[in-house]
**Q** 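There's a structure below that I have some questions on.
Proteins get letters first, then strands, A, B, ... in listed order; numbering begins at 1 in each.
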Amino acid sequence: MVGQPRMIRSHRAIEITTGLVGEKVTVAGWIQRRRDHGGIAFLDIRDASGLIQVVADPSEHEGVADLRMEYCVSISGRVQERPEGTVNPELPTGEVEIKAQEISVLSPSETLPFMIDDRADPDEKIRLQHRYLDLRRPRMAANLKARSKATAAIRRTLDDLGFLEIETPTLVNSTPEGARDMLVPSRLRQGEFYALPQSPQLFKQLLMIGGVERYFQIARCYRDEDFRADRQLEFTQLDLEGSFWGREDVLDTIEVVLKAVAKEVRGVEIADDFPRITWQEAMDRFGTDKPDTRFGMEIVDLTEPVGESDFGVFQGAVSSGGTVRGLNAGVLDWSRSRADALTERAKELGAKGLVWMVVEEDGSLRSPISKFLKPDELDAVKERLEATVGDVLLLAADRWKTAVSVLGGLRNDLGRPTDHDELAFLWVVDFPLFEEEEDGRITFSHHPFTSPASLEDMRSNPTEALSKAYDAVLNGVELGSGSVRIHDPDIQSQVFEILGIDSATAERRFGWFLQALRYGTPPHAGFAFGIDRLVMILQNENSIREVIPFPKTQTGGDPMTGAPTWVDDDQLGELGVALSGAALERRDGPADKPSAS
RNA sequence: GGGGACGUAGAACAGUCUGGAGUGUUCGCUGGCCUGUCAAGCCGGAGGUCGCGGGUUCAAAUCCCGUCGUUCCCGCCA
């Protein structure tokens, strides 16, 4: 009872059990339901622990008829067993009830905008406008609890392993690469800006140089990019780094952490090591670097059987260095409109078109391009895709990366389970070190502090070189990534150079960091994964907004507080900042419109 | 930056395609009845700027244009 205000509450709802029969207790919470039968009334009282039924005699408690849903109340009474035949097996406290003696309304409630109930499915904007009520719903209460359990498990596990939890700054330097930074203008140094961190990357490396050896942080990170169901402006990562570490040390540690979280939140023991797949294999088989391995429908190389067929598109793709890939989509309800829709989707994913084939009853392949293929070519397609009657086969011919990623996208659309009952963890390893943009520019594929797998490869053939980066994937969602870092300032400089950052620029932007690397930097490696995404999947949700207590909408707004808002010109003046152009027009309306007089 | 979907009572929807009186369903709200319910039940009642603006039409929730909002996706997301 320590810390409990006894006048208001002696027990939590879940604690009212048969052992307390005959005793006087006081519970407090919200009225979930009132069932008033005239001569007898029932109140379901909900607190954070659960529900307990209260029985009241309206003749003894005049106010009972006035009690409404979600009134916050405190009720004293004697615990009694429920009469025979009225036990509610659905309820943990279903064998008992409280016979009300005193009922006090701590705080009444207006009529609710929506029911506090998982059966109700109000529009998300309404939920966010009254998020405090939304959080009372069992689903959201469970999600908050799961998230807390997840972070508790992370802290417990890492503390046991000797990690230090260390906070790094959230007002940092802006760096132009990567995602757009969230910027914060400086008042003391007008015209200069801080950025909110996209990750604590450099600070955790500095902690390694600082001799910490094992660091972690549950860190808020910010990226000013467009929203998705699994992306918000601000999100939370487990950020972790270790000295004298290589890849295996990181993967082992992260596996231990993820298994601990899965056990804590889901109650599942994952005994096996997470499977590993190389980036190349992931792309070839699944068309993505974050494969969902809960279902098959793998992509198959058809370059050899049909690349030299009479179909010009296949020929063209192959002769210019591309490939033909296929996917057995299984039995689909096939129609012209379905074919058109899939083709549209393929185009959206970057394809120029999509070839479809349907296996007819007689085993023949019906397709707009059948006539261009020889019987043995058609047979080879059927065989390689293990096609049986009714199956729809989808073929894409293009540059390798386009072909596989188009089919990978379609594979996800067509085959992906909608729930997360199964947990398919996966390591993706051996990522390319760099990516070549369409314009030939080279950018990093992880971040510029990632160690190359081989210095010789990096120097001789940068676009083919591999890195020591790795990703953790769960059910086709990228949980996070990490790498062995560069701890040699010379190699770091070489990487900058390959990225087209000349030494003067590198010195200006990262000189302080390069300098730090020159004082006996230990080899180190680390990882970061998104806690929002992890909890989302463990809670079988399909949006991280469901596991973030106060998320923003897709346009970056908070329907409850109205954020973001305009600020006074005075405030802007202190910062040396002024609105211009479109921003002014949004605030004040069109400027050059003659006023109607 | 681009594409799709959605917006009707406090909430969730149907009605929109094929224009004809704000029509309807469930929950909530409200008045009454009711002593064992647990999504209580029964009888009655209130509640609407069909997101907003414009257009077409004798007539618009419905068709057209614009706009705002929400959402999913492409781009983007080291």
Side-chain angles (χ1 to χ4, degrees), chain A residues 32-46 51-59 65-66 68-70 80 82-91 93-94 97 99 109-130 133-134 175-181 197-199 201-202 221-233 235 341 344-351 405-406 409 412-413 431 433-435 438 443-450 467 469 478 481 483 495 499 528 530 542-543 545 552-555 557 559 586:
Chain A
Q32 176 74 30
R33 283 281 175 178
R34 179 179 58 105
R35 293 178 294 278
D36 188 347
H37 291 229
I40 187 171
F42 301 96
L43 302 170
D44 290 338
I45 304 302
R46 183 195 72 244
L51 287 180
I52 179 71
Q53 174 167 283
V54 169
V55 193
D57 181 342
S59 63
D66 297 324
R68 293 291 179 269
M69 283 193 292
E70 296 306 310
Q80 61 188 30
R82 293 196 186 188
E84 190 145 357
T86 65
V87 165
N88 183 352
E90 303 291 314
L91 212 58
T93 60
E97 61 194 7
K99 181 78 171 74
S109 169
E110 291 188 2
T111 300
L112 299 163
F114 52 82
M115 297 289 93
I116 309 304
D117 189 326
D118 282 344
R119 283 182 301 271
D121 184 24
D123 187 84
E124 201 169 336
K125 189 187 174 192
I126 307 283
R127 292 173 57 199
L128 291 180
Q129 266 168 359
H130 302 276
L133 295 178
D134 197 38
T175 53
E177 19 324 268
R180 219 173 267 122
D181 282 322
Q198 295 183 29
S199 89
Q201 182 60 35
L202 291 180
C221 302
Y222 303 83
R223 290 174 196 175
D224 191 5
E225 296 293 346
D226 287 359
F227 287 65
R228 288 286 187 281
D230 61 357
R231 274 157 45 184
Q232 287 265 311
L233 293 182
F235 57 98
E344 269 311 298
R345 175 63 176 159
K347 286 179 178 170
E348 189 178 53
L349 292 166
S405 57
V406 165
N412 275 341
D413 290 352
F431 274 77
L433 182 57
F434 301 115
E435 280 170 24
E438 301 281 351
T443 62
F444 42 83
S445 64
H446 181 50
H447 59 52
F449 313 103
T450 302
S467 74
E478 182 192 331
S481 52
S483 61
V495 168
L499 290 169
N542 284 309
S543 164
R545 294 188 298 274
K552 308 265 187 296
T553 66
Q554 197 164 46
T555 49
R586 273 194 70 226

**Q** Between B:G69 atom P and A:Lys552 atom NZ, what is the distance in whole Å?
**A**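 These atoms are roughly 16 Å apart.
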**Q** Tell me, please, which residues at least two apart from A:Thr553 pass side chain to side chain contact (heavy atoms under 4.5 Å, CB included).
**A**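 Partners of A:Thr553 by the side chain to side chain contact (heavy atoms under 4.5 Å, CB included) criterion, ordered by chain and then number, come out as A:Leu128, A:Thr555, A:Pro559.
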**Q** With nearest nucleotide decided by heavy atoms, which residue, A:Asn542 or A:Arg180, maps closer to the 5′ end of RNA chain B?
**A** A:Asn542
**Q** Can A:Arg231 and A:Glu225 be counted as an ion pair, charged N to O under 4.0 angstrom?
**A** no
**Q** For A:Ser543 and A:Pro448, find the nucleotide of RNA chain B closest to each by heavy atoms; which residue's nucleotide sits nearer the 5' end?
**A**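 Final value for this comparison: A:Ser543.
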**Q** A:Arg119 side chain N/O closer than 4.0 Å to the phosphate oxygens (OP1, OP2) of B:C27?
**A** no
**Q** Between the protein and nucleotides 10-17 of chain B, list the N/O to N/O atom pairs that are separated by less than 3.5 angstrom.
**A**
residue: B:G10; atom: O2'; partner: A:Pro113; partner atom: O; Å: 3.3
residue: B:A11; atom: O4'; partner: A:Pro113; partner atom: O; Å: 3.0
residue: B:A12; atom: OP1; partner: A:Asp123; partner atom: N; Å: 2.5

**Q** Judged by atom type as modelled, is there a donor-acceptor pair below 3.5 Å linking the side chain of A:Gln232 to the main-chain atoms of A:Arg545?
**A** no
**Q** Partners of A:Asp121 by side-chain hydrogen bond (donor to acceptor under 3.5 Å, both in side chains), sequence neighbours excluded?
**A**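 Not a single residue meets the side-chain hydrogen bond (donor to acceptor under 3.5 Å, both in side chains) criterion with A:Asp121.
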**Q** With both distances under 3.5 angstrom, what nucleotide forms a Watson-Crick or G-U wobble pair with B:G7?
**A**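 Its partner is B:C68 (Watson-Crick or G-U wobble, both distances under 3.5 Å).
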**Q** One character per nucleotide, please: for nucleotides 3-9 of chain B, 5' to 3', B when the base has a protein heavy atom closer than 4.0 Å, S when only the sugar-phosphate does, - otherwise.
**A** -------
**Q** Check the distance between B:G28's C1' and A:Arg34's CZ and give it to me in whole angstrom.
**A** 12 Å
**Q** Taking atom P in both B:G55 and B:C74, what distance in whole Å separates the two?
**A**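 Result for the P pair: 39 Å, nearest Å.
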**Q** For atom C1', what is the distance between B:G51 and B:A61, given to the nearest Å?
**A** 12 Å
**Q** Contact class for A:Ala229 vs. all strands (heavy atom < 4.0 Å): base, sugar-phosphate, or nothing?
**A** sugar-phosphate
**Q** For the C1' atoms, the ones on B:G47 and on B:U26, what distance do you get once it is rounded to whole angstrom?
**A**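 Result for the C1' pair: 16 Å, nearest Å.
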**Q** Rounded to whole angstrom units, what separation is found between the CG atom of A:Asn412 and the P atom of B:C72?
**A** 17 Å
**Q** Below 3.5 Å, does any donor atom in the side chain of A:Arg228 face an acceptor in the base of B:G75, or the other way round?
**A** yes
**Q** With both distances kept under 3.5 Å, what pairs with B:G45, Watson-Crick or G-U wobble?
**A** B:C29
**Q** Identify whether any heavy atom of A:Asp36 sits under 4.0 Å from a base atom; if not, whether one sits that close to sugar-phosphate; answer base, sugar-phosphate or nothing.
**A** base
**Q** Output all residues satisfying side chain to side chain contact (heavy atoms under 4.5 Å, CB included) with A:Pro89, sequence neighbours left out; order by chain, then residue number.
**A**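 Once residues adjacent in sequence are excluded, A:Pro89 has no partner under the side chain to side chain contact (heavy atoms under 4.5 Å, CB included) criterion.
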**Q** Does A:Ser405 have any side chain to side chain contact (heavy atoms under 4.5 Å, CB included) partners at least two apart in sequence or in another chain, and if so, which?
**A** none
**Q** Any salt bridge between A:Asp44 and A:Arg35, counting N to O under 4.0 Å?
**A** yes
**Q** Between B:U70 and B:C63, how far apart are the C1' atoms? Round to whole Å, please.
**A** 24 Å
**Q** Please determine whether a side-chain nitrogen of the Lys or Arg among A:Asp36 and A:Arg34 lies less than 4.0 Å from a carboxylate oxygen of the Asp or Glu.
**A** yes
**Q** What residues, two or more places apart in sequence or in another chain, satisfy side-chain hydrogen bond (donor to acceptor under 3.5 Å, both in side chains) together with A:Arg228?
**A**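 Scan of A:Arg228 (side-chain hydrogen bond (donor to acceptor under 3.5 Å, both in side chains), adjacent residues dropped) gives none.
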**Q** Please report the distance separating the P of B:A59 from the corresponding atom of B:G54, rounded so that it comes out in whole Å.
**A**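 It works out to 15 Å between them.
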**Q** Partner of B:G22 by Watson-Crick or G-U wobble geometry, both contacts under 3.5 Å, or none?
**A** none
**Q** Say you pick atom P in B:C77 and the same atom in B:A5; how far apart are they, in whole Å?
**A** 28 Å
**Q** Could you run down the sub-3.5 Å N/O contacts of the protein with nucleotides 35-37 of chain B?
**A**
residue: B:U35; atom: OP2; partner: A:Gly39; partner atom: N; Å: 3.1
residue: B:G36; atom: N1; partner: A:Glu97; partner atom: OE2; Å: 2.9
residue: B:G36; atom: N2; partner: A:Glu97; partner atom: OE1; Å: 2.5
residue: B:G36; atom: N2; partner: A:Glu97; partner atom: OE2; Å: 3.2
residue: B:U37; atom: O4'; partner: A:His37; partner atom: NE2; Å: 3.4
residue: B:U37; atom: O2'; partner: A:Arg35; partner atom: NE; Å: 3.3
residue: B:U37; atom: O2'; partner: A:His37; partner atom: NE2; Å: 3.4
residue: B:U37; atom: O2; partner: A:Arg35; partner atom: NE; Å: 2.7
residue: B:U37; atom: O2; partner: A:Arg35; partner atom: NH2; Å: 3.1
residue: B:U37; atom: O2; partner: A:Gln53; partner atom: OE1; Å: 3.4
residue: B:U37; atom: N3; partner: A:Gln53; partner atom: OE1; Å: 2.8
residue: B:U37; atom: N3; partner: A:Gln53; partner atom: NE2; Å: 3.1
residue: B:U37; atom: O4; partner: A:Gln53; partner atom: NE2; Å: 2.9
residue: B:U37; atom: O4; partner: A:Arg82; partner atom: NH1; Å: 3.2
residue: B:U37; atom: O4; partner: A:Thr86; partner atom: O; Å: 3.4

**Q** Roughly how many Å apart are B:U25 and B:G20, using the C1' atom of each and rounding to a whole number?
**A**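 Going atom to atom, C1' in each nucleotide, I get 23 Å.
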**Q** Report the residues that fulfil ring pair (Phe, Tyr, Trp, His ring centres under 6.0 Å) with A:Phe42, sequence neighbours left out, ordered by chain and then residue number.
**A**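 Applying ring pair (Phe, Tyr, Trp, His ring centres under 6.0 Å) to A:Phe42 gives A:His37.
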**Q** Across the strands shown, which category fits A:Thr443 at heavy-atom distances under 4.0 angstrom: base, sugar-phosphate, nothing?
**A**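 The residue A:Thr443 makes no contact with any strand.
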**Q** Distance check, P atoms only: B:U62 and B:U18, in whole angstrom units.
**A**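 That atom pair is separated by 14 Å.
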**Q** Looking only at side-chain atoms of A:Arg345, point me to the closest of B:C34, B:C77, B:C74.
**A** B:C74
**Q** Sequence neighbours left out, what passes side-chain hydrogen bond (donor to acceptor under 3.5 Å, both in side chains) with A:Asp181? Give chain and number order.
**A**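 If we apply the side-chain hydrogen bond (donor to acceptor under 3.5 Å, both in side chains) test to A:Asp181, skipping adjacent residues, the hits are A:Ser174, A:Gln198.
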**Q** Tell me: CD of A:Gln232 to C1' of B:C76, nearest whole Å?
**A** 16 Å
**Q** In a check of side-chain contact (heavy atoms from CB on, under 4.5 Å) between A:Arg33 and each of A:Leu43, A:Asp117, A:Ile116, which one passes?
**A** A:Asp117
**Q** Given B:C72, is OP1 or OP2 found less than 4.0 Å from the side-chain N or O atoms of A:Arg545?
**A** yes
**Q** Excluding sequence neighbours, so at least two apart, what forms side chain to side chain contact (heavy atoms under 4.5 Å, CB included) with A:Ala229?
**A**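 Side chain to side chain contact (heavy atoms under 4.5 Å, CB included) list for A:Ala229, sorted by chain: A:Ser543.
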**Q** What residues form a side-chain hydrogen bond (donor to acceptor under 3.5 Å, both in side chains) with A:Arg127, not counting sequence neighbours?
**A** A:Asp134, A:Glu546
**Q** Check whether any side-chain N or O of A:Arg33 sits under 4.0 Å from OP1 or OP2 of B:G28, and answer yes or no.
**A** yes
